[in-house]
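Quick note on labels: first sequence line is chain A, next is B, and so on, each numbered from 1.
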Number of protein chains: 2
Amino acid sequence: MVAQHVARDADIASVASLIADPTRAAVLTALLDGRALAAGELARLAGVTPATASAHLSRLLDGGLVTVASQGRHRYYRLTGPEVAEVLEVLARISPRPAVRSLRQSRQARLLEEARTCYDHLAGRAGVRLLAALVDAGYLVGQDAYELTGSGETALSELGVDVAAARASRRRFAPACLDWTERRPHLAGALGAAITQALLERDWYRHGASRRVLEPTELGRKGLAAMFSGKELTCSTPVTQARE
Amino acid sequence: MVAQHVARDADIASVASLIADPTRAAVLTALLDGRALAAGELARLAGVTPATASAHLSRLLDGGLVTVASQGRHRYYRLTGPEVAEVLEVLARISPRPAVRSLRQSRQARLLEEARTCYDHLAGRAGVRLLAALVDAGYLVGQDAYELTGSGETALSELGVDVAAARASRRRFAPACLDWTERRPHLAGALGAAITQALLERDWYRHGASRRVLEPTELGRKGLAAMFSGKELTCSTPVTQARE
DNA sequence: ACCATGTTTCGACCCTAGCCCAACCACGGT
DNA sequence: ACCGTGGTTGGGCTAGGGTCGAAACATGGT
(Lines give C-alpha, C1' and ligand atoms only; values in the text may rest on other atoms or scores of the structure.)
Protein backbone atom coordinates (compact mmCIF):
# COMPACT_ATOMS: atom_id res chain seq x y z
CA MET A 1 0.00 0.00 0.00
CA VAL A 2 1.49 3.24 -1.14
CA ALA A 3 0.85 6.78 0.00
CA GLN A 4 -2.75 7.72 -0.52
CA HIS A 5 -2.32 11.37 -1.27
CA VAL A 6 0.93 11.91 -3.01
CA ALA A 7 1.61 15.52 -2.27
CA ARG A 8 1.03 17.46 -5.45
CA ASP A 9 2.70 20.44 -3.97
CA ALA A 10 5.92 22.01 -4.96
CA ASP A 11 8.91 20.00 -3.95
CA ILE A 12 9.83 22.00 -0.90
CA ALA A 13 12.00 19.22 0.48
CA SER A 14 14.54 19.62 -2.30
CA VAL A 15 14.93 23.33 -1.74
CA ALA A 16 15.00 22.87 2.01
CA SER A 17 17.72 20.26 1.67
CA LEU A 18 19.83 22.82 -0.13
CA ILE A 19 19.60 25.11 2.88
CA ALA A 20 19.84 22.25 5.35
CA ASP A 21 23.57 21.81 5.13
CA PRO A 22 25.49 24.06 7.55
CA THR A 23 28.11 24.93 4.96
CA ARG A 24 25.57 25.89 2.34
CA ALA A 25 23.61 27.83 4.95
CA ALA A 26 26.76 29.76 5.77
CA VAL A 27 27.31 30.49 2.10
CA LEU A 28 23.75 31.70 1.62
CA THR A 29 23.96 33.81 4.74
CA ALA A 30 27.17 35.37 3.49
CA LEU A 31 25.33 36.32 0.30
CA LEU A 32 22.39 37.68 2.23
CA ASP A 33 23.56 41.25 1.77
CA GLY A 34 22.83 40.92 -1.92
CA ARG A 35 26.37 41.33 -3.12
CA ALA A 36 28.16 38.86 -5.36
CA LEU A 37 31.11 37.01 -3.86
CA ALA A 38 33.79 34.89 -5.46
CA ALA A 39 33.85 31.15 -4.91
CA GLY A 40 37.12 31.22 -2.99
CA GLU A 41 35.92 33.96 -0.72
CA LEU A 42 32.81 31.95 0.05
CA ALA A 43 34.92 28.89 0.79
CA ARG A 44 36.96 30.91 3.25
CA LEU A 45 33.88 32.37 4.92
CA ALA A 46 32.29 28.97 5.25
CA GLY A 47 35.48 27.38 6.52
CA VAL A 48 35.86 24.65 3.91
CA THR A 49 38.26 23.92 1.09
CA PRO A 50 37.62 25.39 -2.35
CA ALA A 51 36.79 21.92 -3.60
CA THR A 52 34.02 21.49 -1.09
CA ALA A 53 32.66 24.96 -1.64
CA SER A 54 32.63 24.42 -5.36
CA ALA A 55 30.51 21.31 -4.97
CA HIS A 56 28.08 23.17 -2.78
CA LEU A 57 27.88 26.14 -5.10
CA SER A 58 27.21 23.84 -7.98
CA ARG A 59 24.25 22.37 -6.14
CA LEU A 60 22.93 25.77 -5.15
CA LEU A 61 23.21 26.79 -8.78
CA ASP A 62 21.27 23.75 -9.94
CA GLY A 63 18.62 24.49 -7.37
CA GLY A 64 18.31 28.03 -8.63
CA LEU A 65 19.12 29.64 -5.31
CA VAL A 66 22.17 31.44 -6.64
CA THR A 67 23.34 32.72 -9.99
CA VAL A 68 26.89 33.06 -11.19
CA ALA A 69 28.80 35.53 -13.30
CA SER A 70 32.25 34.75 -14.61
CA GLN A 71 34.67 37.63 -14.55
CA GLY A 72 38.21 36.84 -15.43
CA ARG A 73 39.28 33.85 -13.49
CA HIS A 74 36.82 34.59 -10.72
CA ARG A 75 33.30 33.35 -10.56
CA TYR A 76 30.99 35.59 -8.61
CA TYR A 77 27.97 34.06 -6.96
CA ARG A 78 24.95 35.95 -5.72
CA LEU A 79 21.47 35.14 -4.48
CA THR A 80 19.02 34.73 -7.33
CA GLY A 81 16.65 37.33 -5.94
CA PRO A 82 14.73 38.77 -3.03
CA GLU A 83 12.53 35.67 -2.85
CA VAL A 84 15.52 33.64 -1.80
CA ALA A 85 16.50 36.21 0.79
CA GLU A 86 12.96 36.15 2.08
CA VAL A 87 13.11 32.41 2.58
CA LEU A 88 16.25 32.75 4.65
CA GLU A 89 14.75 35.55 6.69
CA VAL A 90 11.54 33.66 7.36
CA LEU A 91 13.49 30.55 8.30
CA ALA A 92 15.57 32.56 10.72
CA ARG A 93 12.40 33.72 12.38
CA ILE A 94 11.49 30.21 13.49
CA SER A 95 15.04 29.00 14.08
CA PRO A 96 16.47 28.55 17.51
CA ARG A 97 18.68 31.41 18.56
CA PRO A 98 21.97 29.78 19.25
CA ALA A 99 23.47 30.27 22.66
CA VAL A 100 26.28 32.75 22.59
CA ARG A 101 29.59 31.09 23.30
CA SER A 102 32.49 33.44 23.08
CA LEU A 103 32.89 37.13 23.71
CA ARG A 104 33.76 37.69 20.09
CA GLN A 105 30.57 36.01 19.02
CA SER A 106 28.56 37.92 21.53
CA ARG A 107 29.90 41.17 20.11
CA GLN A 108 29.03 40.01 16.63
CA ALA A 109 25.55 39.09 17.76
CA ARG A 110 25.01 42.48 19.37
CA LEU A 111 26.17 44.26 16.26
CA LEU A 112 23.81 42.22 14.13
CA GLU A 113 20.94 42.96 16.45
CA GLU A 114 21.70 46.65 16.41
CA ALA A 115 21.85 47.31 12.69
CA ARG A 116 22.29 45.09 9.67
CA THR A 117 21.12 44.73 6.14
CA CYS A 118 18.33 42.31 5.41
CA TYR A 119 19.13 41.57 1.77
CA ASP A 120 19.16 45.22 0.76
CA HIS A 121 17.37 47.17 3.43
CA LEU A 122 18.07 48.26 6.99
CA ALA A 123 17.10 45.81 9.72
CA GLY A 124 17.72 45.26 13.39
CA ARG A 125 16.95 47.73 16.16
CA ALA A 126 17.94 50.62 13.92
CA GLY A 127 15.58 49.44 11.18
CA VAL A 128 12.70 49.07 13.58
CA ARG A 129 13.34 52.48 15.09
CA LEU A 130 13.63 54.10 11.70
CA LEU A 131 10.28 52.80 10.58
CA ALA A 132 8.66 53.91 13.82
CA ALA A 133 10.19 57.37 13.42
CA LEU A 134 9.02 57.68 9.82
CA VAL A 135 5.50 56.82 10.89
CA ASP A 136 5.64 59.10 13.93
CA ALA A 137 6.79 61.98 11.77
CA GLY A 138 3.81 61.46 9.50
CA TYR A 139 5.99 60.52 6.56
CA LEU A 140 4.53 57.07 6.19
CA VAL A 141 1.00 55.88 6.80
CA GLY A 142 -0.34 52.37 6.89
CA GLN A 143 -0.06 49.22 8.87
CA ASP A 144 1.61 46.28 7.25
CA ALA A 145 2.28 48.09 4.01
CA TYR A 146 2.89 51.76 3.91
CA GLU A 147 2.26 54.70 1.64
CA LEU A 148 4.32 57.84 1.47
CA THR A 149 2.66 61.13 2.44
CA GLY A 150 3.40 64.41 0.69
CA SER A 151 5.68 65.58 3.47
CA GLY A 152 7.32 62.17 3.50
CA GLU A 153 8.06 62.37 -0.18
CA THR A 154 9.74 65.75 0.26
CA ALA A 155 11.74 64.69 3.28
CA LEU A 156 13.02 61.51 1.69
CA SER A 157 13.83 63.24 -1.58
CA GLU A 158 15.95 65.70 0.35
CA LEU A 159 17.74 62.78 1.91
CA GLY A 160 18.61 61.64 -1.59
CA VAL A 161 16.15 58.80 -1.88
CA ASP A 162 15.00 58.18 -5.43
CA VAL A 163 11.33 57.75 -4.66
CA ALA A 164 10.25 57.73 -8.29
CA ALA A 165 12.57 54.87 -9.14
CA ALA A 166 11.36 52.93 -6.14
CA ARG A 167 7.79 53.41 -7.27
CA ALA A 168 8.60 52.35 -10.81
CA SER A 169 10.22 49.13 -9.61
CA ARG A 170 8.20 45.99 -9.92
CA ARG A 171 8.88 45.21 -6.30
CA ARG A 172 6.32 45.87 -3.63
CA PHE A 173 6.72 49.49 -2.67
CA ALA A 174 6.89 49.71 1.09
CA PRO A 175 5.85 46.52 2.87
CA ALA A 176 6.62 45.88 6.50
CA CYS A 177 8.92 43.00 7.25
CA LEU A 178 8.84 41.37 10.66
CA ASP A 179 12.31 41.83 12.04
CA TRP A 180 14.02 38.60 12.85
CA THR A 181 15.65 39.76 16.08
CA GLU A 182 13.26 42.47 17.22
CA ARG A 183 9.99 40.75 16.32
CA ARG A 184 8.66 44.15 15.33
CA PRO A 185 8.38 45.47 11.79
CA HIS A 186 11.00 47.30 9.79
CA LEU A 187 10.65 48.80 6.34
CA ALA A 188 11.33 46.54 3.37
CA GLY A 189 10.57 46.55 -0.34
CA ALA A 190 11.69 49.02 -2.96
CA LEU A 191 11.42 52.03 -0.65
CA GLY A 192 13.27 50.31 2.17
CA ALA A 193 16.07 49.46 -0.22
CA ALA A 194 16.18 52.98 -1.65
CA ILE A 195 16.37 54.58 1.78
CA THR A 196 19.13 52.23 2.85
CA GLN A 197 21.04 53.00 -0.30
CA ALA A 198 20.71 56.70 0.37
CA LEU A 199 21.90 56.28 3.95
CA LEU A 200 25.01 54.51 2.71
CA GLU A 201 25.64 57.01 -0.10
CA ARG A 202 25.35 59.90 2.33
CA ASP A 203 27.79 58.08 4.58
CA TRP A 204 25.32 58.07 7.45
CA TYR A 205 25.86 54.37 7.78
CA ARG A 206 28.84 52.26 6.82
CA HIS A 207 29.33 48.57 6.27
CA GLY A 208 30.97 46.93 9.26
CA ALA A 209 33.68 44.35 9.18
CA SER A 210 31.28 41.51 8.55
CA ARG A 211 29.55 43.34 5.74
CA ARG A 212 26.02 42.65 6.84
CA VAL A 213 26.59 44.71 9.93
CA LEU A 214 25.93 48.42 9.53
CA GLU A 215 27.40 51.08 11.77
CA PRO A 216 26.21 54.66 12.05
CA THR A 217 28.79 57.40 11.43
CA GLU A 218 28.97 60.54 13.53
CA LEU A 219 27.46 62.35 10.56
CA GLY A 220 24.63 59.85 10.49
CA ARG A 221 23.83 60.21 14.17
CA LYS A 222 23.53 63.98 13.79
CA GLY A 223 21.64 63.78 10.53
CA LEU A 224 19.10 61.35 11.88
CA ALA A 225 18.71 63.30 15.10
CA ALA A 226 18.06 66.46 13.10
CA MET A 227 15.68 64.77 10.73
CA PHE A 228 13.56 63.30 13.49
CA SER A 229 14.02 66.10 16.00
CA GLY A 230 16.10 64.35 18.55
CA LYS A 231 14.65 60.88 18.52
CA GLU A 232 17.23 58.30 19.42
CA LEU A 233 17.67 56.21 16.31
CA THR A 234 21.24 55.13 16.63
CA CYS A 235 22.88 53.22 19.41
CA SER A 236 24.11 55.98 21.74
CA THR A 237 26.66 53.85 23.52
CA PRO A 238 28.44 52.22 20.64
CA VAL A 239 29.30 48.60 20.96
CA THR A 240 32.81 48.29 22.30
CA GLN A 241 35.25 48.36 19.49
CA ALA A 242 37.24 45.25 20.26
CA ARG A 243 39.49 44.41 17.38
CA GLU A 244 40.41 40.81 16.95
CA MET B 1 42.52 27.64 9.91
CA VAL B 2 38.93 27.85 10.86
CA ALA B 3 36.08 29.91 9.48
CA GLN B 4 36.75 33.59 9.86
CA HIS B 5 33.25 34.81 10.48
CA VAL B 6 31.33 32.16 12.27
CA ALA B 7 27.79 33.02 11.33
CA ARG B 8 26.14 34.56 14.33
CA ASP B 9 22.80 34.15 12.74
CA ALA B 10 20.04 31.89 13.77
CA ASP B 11 20.70 28.29 12.96
CA ILE B 12 18.60 28.09 9.84
CA ALA B 13 20.29 24.90 8.69
CA SER B 14 18.79 22.89 11.52
CA VAL B 15 15.27 24.03 10.78
CA ALA B 16 15.78 23.57 7.07
CA SER B 17 17.02 20.04 7.64
CA LEU B 18 13.76 19.26 9.38
CA ILE B 19 11.88 20.25 6.24
CA ALA B 20 14.46 18.73 3.93
CA ASP B 21 13.32 15.16 4.30
CA PRO B 22 10.56 14.22 1.85
CA THR B 23 8.61 12.32 4.45
CA ARG B 24 8.69 15.16 6.94
CA ALA B 25 7.83 17.60 4.19
CA ALA B 26 4.82 15.48 3.36
CA VAL B 27 3.80 15.47 7.00
CA LEU B 28 4.14 19.22 7.30
CA THR B 29 2.24 19.74 4.08
CA ALA B 30 -0.52 17.51 5.36
CA LEU B 31 -0.75 19.72 8.43
CA LEU B 32 -0.72 22.86 6.35
CA ASP B 33 -4.46 23.27 6.64
CA GLY B 34 -4.03 23.99 10.32
CA ARG B 35 -5.87 20.96 11.61
CA ALA B 36 -4.44 18.49 14.06
CA LEU B 37 -3.93 14.97 12.74
CA ALA B 38 -3.17 11.74 14.55
CA ALA B 39 0.23 10.13 14.18
CA GLY B 40 -1.13 7.10 12.37
CA GLU B 41 -3.03 9.21 9.92
CA LEU B 42 0.11 11.17 9.16
CA ALA B 43 2.05 7.94 8.65
CA ARG B 44 -0.57 6.79 6.16
CA LEU B 45 -0.54 10.11 4.32
CA ALA B 46 3.24 10.15 4.09
CA GLY B 47 3.39 6.52 3.02
CA VAL B 48 5.62 5.20 5.78
CA THR B 49 5.18 2.85 8.71
CA PRO B 50 3.99 4.23 12.02
CA ALA B 51 7.45 3.63 13.44
CA THR B 52 9.09 5.83 10.86
CA ALA B 53 6.48 8.52 11.19
CA SER B 54 6.85 8.50 14.93
CA ALA B 55 10.57 9.14 14.65
CA HIS B 56 9.95 12.01 12.26
CA LEU B 57 7.27 13.54 14.42
CA SER B 58 9.53 13.34 17.39
CA ARG B 59 12.14 15.33 15.54
CA LEU B 60 9.63 17.88 14.32
CA LEU B 61 8.47 18.23 17.90
CA ASP B 62 12.01 18.82 19.15
CA GLY B 63 12.50 21.40 16.46
CA GLY B 64 9.37 23.20 17.53
CA LEU B 65 7.67 22.95 14.16
CA VAL B 66 4.74 20.98 15.50
CA THR B 67 2.99 20.61 18.82
CA VAL B 68 1.19 17.59 20.12
CA ALA B 69 -1.91 16.98 22.17
CA SER B 70 -2.65 13.59 23.65
CA GLN B 71 -6.25 12.57 23.55
CA GLY B 72 -7.02 9.07 24.69
CA ARG B 73 -4.64 6.79 22.90
CA HIS B 74 -4.29 9.17 20.00
CA ARG B 75 -1.67 11.84 19.73
CA TYR B 76 -2.72 14.74 17.59
CA TYR B 77 -0.04 16.78 15.90
CA ARG B 78 -0.47 20.25 14.46
CA LEU B 79 1.74 23.01 13.15
CA THR B 80 3.00 25.24 15.92
CA GLY B 81 1.66 28.39 14.30
CA PRO B 82 1.22 30.57 11.25
CA GLU B 83 4.96 31.32 11.15
CA VAL B 84 5.61 27.70 10.34
CA ALA B 85 2.97 27.71 7.64
CA GLU B 86 4.52 30.85 6.25
CA VAL B 87 7.88 29.17 5.94
CA LEU B 88 6.35 26.33 3.97
CA GLU B 89 4.49 28.73 1.74
CA VAL B 90 7.54 30.87 1.05
CA LEU B 91 9.61 27.79 0.36
CA ALA B 92 7.01 26.55 -2.10
CA ARG B 93 7.33 29.82 -3.95
CA ILE B 94 10.94 29.15 -4.91
CA SER B 95 10.61 25.39 -5.27
CA PRO B 96 10.54 23.69 -8.63
CA ARG B 97 7.08 22.81 -9.76
CA PRO B 98 7.25 19.07 -10.21
CA ALA B 99 6.36 17.71 -13.61
CA VAL B 100 2.95 16.15 -13.60
CA ARG B 101 3.15 12.42 -14.08
CA SER B 102 -0.19 10.75 -13.92
CA LEU B 103 -3.70 11.87 -14.72
CA ARG B 104 -4.68 11.48 -11.13
CA GLN B 105 -1.89 13.79 -10.07
CA SER B 106 -2.74 16.29 -12.74
CA ARG B 107 -6.29 16.44 -11.48
CA GLN B 108 -5.00 16.96 -7.97
CA ALA B 109 -2.73 19.71 -9.16
CA ARG B 110 -5.52 21.50 -10.97
CA LEU B 111 -7.74 21.31 -7.93
CA LEU B 112 -5.00 22.75 -5.76
CA GLU B 113 -4.42 25.56 -8.19
CA GLU B 114 -8.09 26.36 -8.34
CA ALA B 115 -8.88 26.68 -4.66
CA ARG B 116 -7.15 25.55 -1.52
CA THR B 117 -6.47 26.66 1.99
CA CYS B 118 -3.16 28.26 2.78
CA TYR B 119 -2.97 27.42 6.48
CA ASP B 120 -6.33 28.94 7.28
CA HIS B 121 -7.29 31.22 4.43
CA LEU B 122 -8.44 30.83 0.85
CA ALA B 123 -5.70 30.58 -1.78
CA GLY B 124 -5.32 29.60 -5.39
CA ARG B 125 -7.17 31.13 -8.31
CA ALA B 126 -10.27 31.52 -6.18
CA GLY B 127 -8.33 33.34 -3.47
CA VAL B 128 -6.76 35.72 -5.93
CA ARG B 129 -10.08 36.42 -7.62
CA LEU B 130 -11.80 36.97 -4.29
CA LEU B 131 -9.28 39.59 -3.22
CA ALA B 132 -9.53 41.33 -6.58
CA ALA B 133 -13.32 41.35 -6.31
CA LEU B 134 -13.26 42.72 -2.78
CA VAL B 135 -11.02 45.55 -3.92
CA ASP B 136 -13.06 46.18 -7.07
CA ALA B 137 -16.22 46.39 -5.04
CA GLY B 138 -14.62 49.03 -2.85
CA TYR B 139 -14.75 46.82 0.21
CA LEU B 140 -11.01 46.78 0.72
CA VAL B 141 -8.46 49.48 0.05
CA GLY B 142 -4.71 49.28 0.10
CA GLN B 143 -1.86 47.67 -1.67
CA ASP B 144 0.07 45.04 0.17
CA ALA B 145 -1.97 45.33 3.30
CA TYR B 146 -5.61 46.26 3.24
CA GLU B 147 -8.11 48.11 5.31
CA LEU B 148 -11.82 47.53 5.38
CA THR B 149 -14.09 50.30 4.18
CA GLY B 150 -17.45 51.05 5.74
CA SER B 151 -19.35 49.29 3.00
CA GLY B 152 -16.89 46.42 3.22
CA GLU B 153 -17.50 46.02 6.92
CA THR B 154 -21.26 45.84 6.35
CA ALA B 155 -20.98 43.41 3.47
CA LEU B 156 -18.66 41.05 5.26
CA SER B 157 -20.68 41.18 8.46
CA GLU B 158 -23.73 40.15 6.47
CA LEU B 159 -21.73 37.24 5.14
CA GLY B 160 -21.17 36.15 8.71
CA VAL B 161 -17.60 37.31 9.10
CA ASP B 162 -16.69 38.27 12.63
CA VAL B 163 -14.78 41.42 11.76
CA ALA B 164 -14.47 42.59 15.35
CA ALA B 165 -12.83 39.36 16.43
CA ALA B 166 -10.45 39.53 13.50
CA ARG B 167 -9.48 43.03 14.51
CA ALA B 168 -8.98 42.04 18.11
CA SER B 169 -6.63 39.22 17.15
CA ARG B 170 -2.95 39.82 17.56
CA ARG B 171 -2.38 38.69 14.00
CA ARG B 172 -1.85 41.15 11.19
CA PHE B 173 -5.29 42.20 10.07
CA ALA B 174 -5.42 41.93 6.28
CA PRO B 175 -2.03 41.50 4.66
CA ALA B 176 -1.63 40.37 1.10
CA CYS B 177 0.10 37.06 0.57
CA LEU B 178 1.74 36.29 -2.73
CA ASP B 179 -0.03 33.24 -4.04
CA TRP B 180 2.25 30.31 -4.60
CA THR B 181 0.63 29.11 -7.83
CA GLU B 182 -0.82 32.34 -9.20
CA ARG B 183 2.03 34.68 -8.32
CA ARG B 184 -0.54 37.31 -7.56
CA PRO B 185 -1.78 38.29 -4.10
CA HIS B 186 -4.58 36.74 -2.13
CA LEU B 187 -5.93 37.85 1.22
CA ALA B 188 -4.24 36.48 4.34
CA GLY B 189 -4.09 37.37 8.01
CA ALA B 190 -6.89 37.49 10.55
CA LEU B 191 -9.44 38.82 8.07
CA GLY B 192 -8.52 36.29 5.41
CA ALA B 193 -8.97 33.52 7.93
CA ALA B 194 -12.27 34.91 9.18
CA ILE B 195 -13.69 35.20 5.68
CA THR B 196 -12.63 31.68 4.82
CA GLN B 197 -14.22 30.40 7.99
CA ALA B 198 -17.45 32.19 7.11
CA LEU B 199 -17.42 30.72 3.60
CA LEU B 200 -17.11 27.23 5.03
CA GLU B 201 -19.73 27.80 7.71
CA ARG B 202 -22.16 29.12 5.13
CA ASP B 203 -21.42 26.03 3.06
CA TRP B 204 -20.31 28.14 0.11
CA TYR B 205 -17.14 26.13 -0.01
CA ARG B 206 -16.46 22.61 1.17
CA HIS B 207 -13.31 20.69 1.93
CA GLY B 208 -12.37 18.37 -0.90
CA ALA B 209 -11.10 14.86 -0.58
CA SER B 210 -7.55 15.96 0.06
CA ARG B 211 -8.64 18.41 2.72
CA ARG B 212 -6.57 21.31 1.57
CA VAL B 213 -8.55 21.46 -1.62
CA LEU B 214 -11.68 23.59 -1.42
CA GLU B 215 -14.62 23.19 -3.75
CA PRO B 216 -17.41 25.69 -4.25
CA THR B 217 -20.95 24.48 -3.69
CA GLU B 218 -23.84 25.47 -5.95
CA LEU B 219 -24.97 27.73 -3.13
CA GLY B 220 -21.56 29.32 -3.04
CA ARG B 221 -21.44 30.01 -6.75
CA LYS B 222 -24.76 31.80 -6.58
CA GLY B 223 -23.94 33.62 -3.38
CA LEU B 224 -20.64 34.92 -4.67
CA ALA B 225 -22.14 35.88 -8.02
CA ALA B 226 -24.83 37.86 -6.22
CA MET B 227 -22.41 39.45 -3.83
CA PHE B 228 -20.13 40.65 -6.59
CA SER B 229 -22.77 41.25 -9.25
CA GLY B 230 -21.94 38.47 -11.63
CA LYS B 231 -18.17 38.41 -11.44
CA GLU B 232 -16.84 34.96 -12.11
CA LEU B 233 -15.21 33.90 -8.89
CA THR B 234 -15.64 30.18 -9.03
CA CYS B 235 -14.48 27.77 -11.64
CA SER B 236 -17.42 27.63 -14.07
CA THR B 237 -16.45 24.35 -15.66
CA PRO B 238 -15.80 22.21 -12.64
CA VAL B 239 -12.82 19.93 -12.74
CA THR B 240 -13.94 16.53 -13.96
CA GLN B 241 -15.04 14.42 -11.09
CA ALA B 242 -12.95 11.34 -11.70
CA ARG B 243 -13.25 8.99 -8.80
CA GLU B 244 -10.45 6.62 -8.22
C1' DA C 1 55.90 30.38 -23.70
C1' DC C 2 55.73 29.98 -18.87
C1' DC C 3 54.02 30.36 -14.22
C1' DA C 4 50.68 31.76 -10.60
C1' DT C 5 46.10 32.02 -9.06
C1' DG C 6 41.28 30.77 -8.96
C1' DT C 7 38.02 27.12 -9.78
C1' DT C 8 36.20 22.73 -10.92
C1' DT C 9 36.42 17.54 -11.40
C1' DC C 10 37.57 12.95 -9.78
C1' DG C 11 38.21 9.33 -6.52
C1' DA C 12 38.00 7.59 -2.04
C1' DC C 13 36.64 7.81 2.69
C1' DC C 14 33.51 8.17 6.42
C1' DC C 15 29.43 9.03 8.79
C1' DT C 16 24.94 10.45 9.32
C1' DA C 17 20.25 9.49 8.89
C1' DG C 18 16.18 7.23 6.99
C1' DC C 19 13.91 2.78 6.66
C1' DC C 20 11.76 -1.40 8.42
C1' DC C 21 10.90 -5.19 11.77
C1' DA C 22 9.91 -6.54 16.17
C1' DA C 23 9.15 -5.74 20.71
C1' DC C 24 7.32 -2.81 24.16
C1' DC C 25 4.21 0.75 26.42
C1' DA C 26 -0.36 3.14 27.06
C1' DC C 27 -4.95 3.58 26.91
C1' DG C 28 -10.00 1.87 26.20
C1' DG C 29 -13.41 -1.38 25.89
C1' DT C 30 -15.56 -5.43 27.46
C1' DA D 1 -8.41 -8.86 34.39
C1' DC D 2 -8.04 -9.52 29.54
C1' DC D 3 -7.44 -8.26 24.60
C1' DG D 4 -7.05 -4.90 20.63
C1' DT D 5 -5.51 -0.72 18.75
C1' DG D 6 -2.57 3.32 18.52
C1' DG D 7 2.01 4.91 19.40
C1' DT D 8 6.90 4.84 20.61
C1' DT D 9 11.53 2.60 21.21
C1' DG D 10 15.64 -0.19 19.94
C1' DG D 11 18.42 -2.84 16.56
C1' DG D 12 20.37 -3.55 12.17
C1' DC D 13 20.70 -2.52 7.36
C1' DT D 14 21.59 0.53 3.56
C1' DA D 15 22.29 4.56 0.82
C1' DG D 16 23.16 9.10 0.06
C1' DG D 17 25.96 12.90 0.74
C1' DG D 18 29.72 15.83 2.85
C1' DT D 19 34.69 16.02 3.15
C1' DC D 20 39.35 16.34 1.45
C1' DG D 21 43.70 15.64 -1.57
C1' DA D 22 45.32 15.49 -6.00
C1' DA D 23 44.95 16.55 -10.50
C1' DA D 24 42.86 18.91 -14.47
C1' DC D 25 41.12 23.24 -16.44
C1' DA D 26 40.90 28.29 -17.21
C1' DT D 27 42.46 32.84 -17.09
C1' DG D 28 45.82 36.69 -16.55
C1' DG D 29 50.30 38.40 -16.00
C1' DT D 30 55.23 38.31 -16.99
Checklist entry - Do NZ/NE/NH1/NH2 and the carboxylate oxygens of B:Arg171 and B:Asp120 come within less than 4.0 Å? => result yes
Item to check | Per-nucleotide protein contact string for nucleotides 3-18 of chain C, where B marks a base within reach and S marks sugar-phosphate only (heavy atoms under 4.0 Å, - for neither) | outcome: -BBSSBB--------S
Next on the checklist: With a 6.0 Å cut-off on the ring centroids, do A:His74 and A:Tyr76 count as close?
Outcome noted: yes
Checklist entry - Residues two or more places apart in sequence or in another chain: which of them pass side chain to side chain contact (heavy atoms under 4.5 Å, CB included) with A:Arg93? => result A:Glu89, A:Val90, A:Cys177, A:Leu178, B:Glu86
Next on the checklist: Between C1' on D:dC20 and CZ on A:Arg44, what's the gap in Å once rounded to a whole number?
Outcome noted: 19 Å
Item to check | Candidate pair A:Arg116 and A:Thr181, rule side-chain hydrogen bond (donor to acceptor under 3.5 Å, both in side chains), full reasoning | outcome: CA-CA 11 Å; A:Arg116 66 177 181 276; A:Thr181 46; 3.2 Å; yes
Item to check | Euclidean distance, atom CD of residue A:Gln71 to atom P of D:dG28 [Å, nearest integer] | outcome: 10 Å
Checklist entry - What integer distance in Å separates B:Asp62:CG from D:dT9:P? => result 10 Å
Checklist entry - Using 4.0 Å as the upper bound for N to carboxylate O, is an ion pair formed by A:Arg110 and A:Glu113? => result no
